[in-house]
Amino acid sequence: MAVDPIARVIAPRFMAAVFSVPLLAALFSAAGVGGAWIIGVKLIGIDDGAFWSQMQASVDVRIDIVNGILKSVVFGVAVGLISVFEGYFAVPTAEGVSTATTRTVVTSSLTVLLLDLVLTVMMFRGLN
């Protein structure tokens, strides 16, 4: 049919991973702050102003937010590349797809751990 699989199948899936991982990281960070507010203010009884004042005082834009966004973009690229590579070369059987899925999960998990170590060392090396 003369359809380029790279342009029609792989590229959209890779771009979806690169865009969705930082969005999910931002969503989960916001959920974490919201959960902390519920526990701190509603359940424990901390003053609302004191909570937000301490939150603003303890969050650094470069260290916390920019580094988090950078890490999530790098993780999205890594997981996206591993996923499309394993999917493209998977044997087109049920066993082949399940094997490729298992390899993708294991390789992605170990890659994210290694990249997190490397990025953390690079980002925080000059802070001490």
Side-chain angles (χ1 to χ4, degrees):
M1 291 180 24
V3 175
D4 183 21
I6 303 293
R8 299 288 286 172
V9 177
I10 292 177
R13 284 173 172 78
F14 174 71
M15 293 309 294
V18 171
F19 288 130
S20 65
V21 171
L23 292 175
L24 285 170
L27 179 70
F28 293 139
S29 293
V33 171
W37 179 81
I38 290 172
I39 297 297
V41 174
K42 297 297 181 183
L43 293 178
I44 297 176
I46 298 172
D47 181 56
D48 197 29
F51 176 82
W52 290 114
S53 165
Q54 289 296 320
M55 180 68 70
Q56 288 176 347
S58 61
V59 172
D60 184 71
V61 173
R62 186 187 73 81
I63 292 173
D64 297 323
I65 297 172
V66 173
N67 286 348
I69 291 170
L70 180 64
K71 278 185 176 185
S72 66
V73 170
V74 171
F75 296 160
V77 169
V79 171
L81 282 174
I82 292 167
S83 300
V84 297
F85 177 80
E86 291 290 344
Y88 187 75
F89 291 107
V91 178
T93 62
E95 183 182 355
V97 171
S98 66
T99 302
T101 302
T102 302
R103 271 198 319 257
T104 299
V105 170
V106 171
T107 306
S108 295
S109 300
L110 293 174
T111 302
V112 166
L113 272 171
L114 180 66
L115 284 172
D116 189 35
L117 172 72
V118 170
L119 288 172
T120 301
V121 167
M122 288 173 51
M123 289 173 180
F124 295 107
R125 180 175 36 184
L127 293 178
N128 292 331

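None of these values were measured; they are calculated from a predicted model.
Within the structure, salt bridge (Lys or Arg N to Asp or Glu O under 4.0 Å) contacts touching residues 23-43 (residues at least two apart or in different chains) do not occur. Sorted by first then second residue, the side chain to side chain donor-acceptor pair (under 3.5 Å) pairs that include residues 2-16, not counting sequence neighbours, number zero. The salt bridge (Lys or Arg N to Asp or Glu O under 4.0 Å) pairs that include a residue from residues 68-82 are Lys71-Asp116, where partners are two or more places apart or lie in different chains.
Taking CD1 from Ile44 and CZ from Phe51, the interatomic distance works out to 10.0 Å, rounded to the nearest 0.5 Å. A distance of 11.5 Å separates CG of Leu27 from OG of Ser20, quoted to the nearest 0.5 Å. Rounding to the nearest 0.5 Å gives a distance of 10.0 Å between CG of Leu115 and OG1 of Thr120.
For Asp48, the side chain to side chain donor-acceptor pair (under 3.5 Å) partners two or more places apart in sequence, or in a different chain, are Trp37, Trp52. In this view, Arg103 and Glu86 satisfy the salt bridge (charged side-chain N to carboxylate O under 4.0 Å, His left out) rule, not counting sequence neighbours. Scanning for side chain to side chain contact (heavy atoms under 4.5 Å, CB included) contacts around Ala17 gives an empty result, with sequence neighbours left out. Scanning for side chain to side chain contact (heavy atoms under 4.5 Å, CB included) contacts around Leu110 gives Val106, with sequence neighbours left out. With sequence neighbours left out, the salt bridge (charged side-chain N to carboxylate O under 4.0 Å, His left out) criterion links Asp64 to no other residue. Glu95 pairs by the side chain to side chain contact (heavy atoms under 4.5 Å, CB included) definition with Thr93, Thr99, not counting sequence neighbours. Partners of Ser29 by side chain to side chain contact (heavy atoms under 4.5 Å, CB included), not counting sequence neighbours: none found.
Side-chain contact between Val73 and Val21 is absent, with no heavy atoms from C-beta onward closer than 4.5 Å.
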(message) Please determine whether side-chain contact (heavy atoms from CB on, under 4.5 Å) holds for the pair Met123 and Leu70, giving the CA-CA distance in whole Å, both sets of side-chain angles, and the decisive distance to 0.1 Å.
(response) CA-CA 10 Å; Met123 289 173 180; Leu70 180 64; 3.4 Å; yes
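Grouping Ile, Leu, Val, Met, Phe, Trp and Tyr by side-chain contacts under 4.5 Å, direct or through others, puts Ile10 with Ile6, Phe14, Met15, Val18, Phe19, Val77, Leu81, Val84, Phe85, Tyr88, Phe89. Side-chain heavy-atom separations under 4.5 angstrom define the hydrophobic clusters, and Val91 shares its cluster with no other residue.
In terms of hydrophobic clustering, with Ile, Leu, Val, Met, Phe, Trp and Tyr side chains grouped at heavy-atom distances under 4.5 Å, Ile65 and Ile63 are assigned to different clusters.
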